[in-house]
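Report on the structure given below.
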Amino acid sequence: MTTSKWTTALAACDELDALLATAYPAANPGLLAKIRKVVATLQGTGLPYVQTKAGMIASRAEIYLSTQRHTKAPGGADGLMQEMRYRLLSGIREELRVAQDQGGS
């Protein structure tokens with residue numbers, strides 16, 4: 001990846017984090033569409049780990065931003081948010097930094 005692609009991918013992480021920080025567990029198709037758009041940017045990195053984890057964020061966001069499905073998820077809405085922001089998104093950032101440091105393509 002070129003430097004601008006790294007910058008774009010890390011900026012997408014920041015944007016996704018900001019979107020999730022303002023989210024609350026209720027139906028919100030507009031926010032879900034924004035999240036999916038940012039996820040698509042991350043999936044364009046060509047890094048399989050990032051692509052997989054970004055896809056997982058999209059699927060968890062779909063549950064979180066539903067009318068009631070978040071209540072049935074393990075850990076409920078809080079568990080979903082923690083997974084999206086602190087496990088998946090943090091993992092994506094770390095993978096991007098490691099790949100960048102290693103001169104990944």
Side-chain angles (χ1 to χ4, degrees):
M1 283 171 54
T2 64
T3 301
S4 66
K5 287 184 181 179
W6 291 115
T7 303
T8 299
L10 289 169
C13 288
D14 292 341
E15 182 179 357
L16 187 53
D17 193 32
L19 290 170
L20 292 173
T22 62
Y24 56 93
N28 189 336
L31 180 57
L32 183 57
K34 289 177 185 178
I35 289 170
R36 285 181 175 150
K37 183 177 178 183
V38 177
V39 163
T41 298
L42 290 171
Q43 289 179 322
T45 62
L47 298 169
Y49 178 88
V50 172
Q51 292 169 322
T52 299
K53 299 305 178 190
M56 291 173 73
I57 289 173
S59 67
R60 300 310 188 272
E62 186 176 316
I63 295 167
Y64 186 83
L65 297 170
S66 67
T67 304
Q68 293 185 10
R69 289 175 56 201
H70 59 271
T71 62
K72 297 176 181 140
D78 288 341
L80 284 168
M81 184 55 72
Q82 287 181 357
E83 181 181 14
M84 288 186 290
R85 287 186 76 193
Y86 304 116
R87 190 173 70 81
L88 298 171
L89 188 54
S90 293
I92 290 171
R93 280 190 173 116
E94 184 61 26
E95 181 69 14
L96 288 169
R97 287 185 187 115
V98 167
Q100 184 179 24
D101 289 347
Q102 293 176 351
S105 56

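Since this is a predicted model, take the numbers as computed values, not measurements.
In this structure, the separation between OG1 on T71 and OH on Y64 is 12.5 Å, given to the nearest 0.5 Å. Annotation: the span from I35 atom CD1 to N28 atom CG amounts to 8.0 Å, rounded to 0.5 Å. We find the CG-OG distance between L88 and S59 to be 8.0 Å, quoted to the nearest 0.5 Å. The distance from the CG atom of L96 to the CG atom of D101 is 11.0 Å, given to the nearest 0.5 Å. Rounding to the nearest 0.5 Å places CG of L42 at 13.5 Å from NZ of K53. With rounding to the nearest 0.5 angstrom, the CG atom of L80 is 6.5 Å from the CD atom of E83.
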From CA spacing to verdict: side chain to side chain contact (heavy atoms under 4.5 Å, CB included), T45, I92:
CA-CA 11 Å; T45 62; I92 290 171; over 6 Å; no
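Residues that satisfy the side chain to side chain donor-acceptor pair (under 3.5 Å) test with R69, not counting sequence neighbours, are absent from this structure. Here R85 pairs with D17 under the salt bridge (charged side-chain N to carboxylate O under 4.0 Å, His left out) rule; sequence neighbours left out.
A donor-acceptor pair under 3.5 Å is formed between the side chain of T22 and the backbone N or O of L19.
Between T7 and Q100 the shortest side-chain heavy-atom distance does not fall below 4.5 Å.
A99 and W6 make their closest contact through CB-CH2, 3.4 Å (heavy atoms, listed as atom of the first residue, atom of the second, distance). Across every non-hydrogen atom of A27 and T67, the tightest pair is CB-OG1, 3.7 Å. Contact record, Q51 with Q43: NE2-O, 2.8 Å, taken as the closest heavy-atom pair. The minimum heavy-atom distance linking G55 with V39 is given by the pair N-CG1, 4.3 Å. Nearest heavy-atom pair across A12 and V38 is O-CG1, 3.2 Å. Scanning both residues, Y49 and G91, for their nearest heavy atoms gives CE2-O, 3.4 Å.
The list of side-chain hydrogen bond (donor to acceptor under 3.5 Å, both in side chains) pairs with a residue in residues 30-42, not counting sequence neighbours, reads R36-E62.
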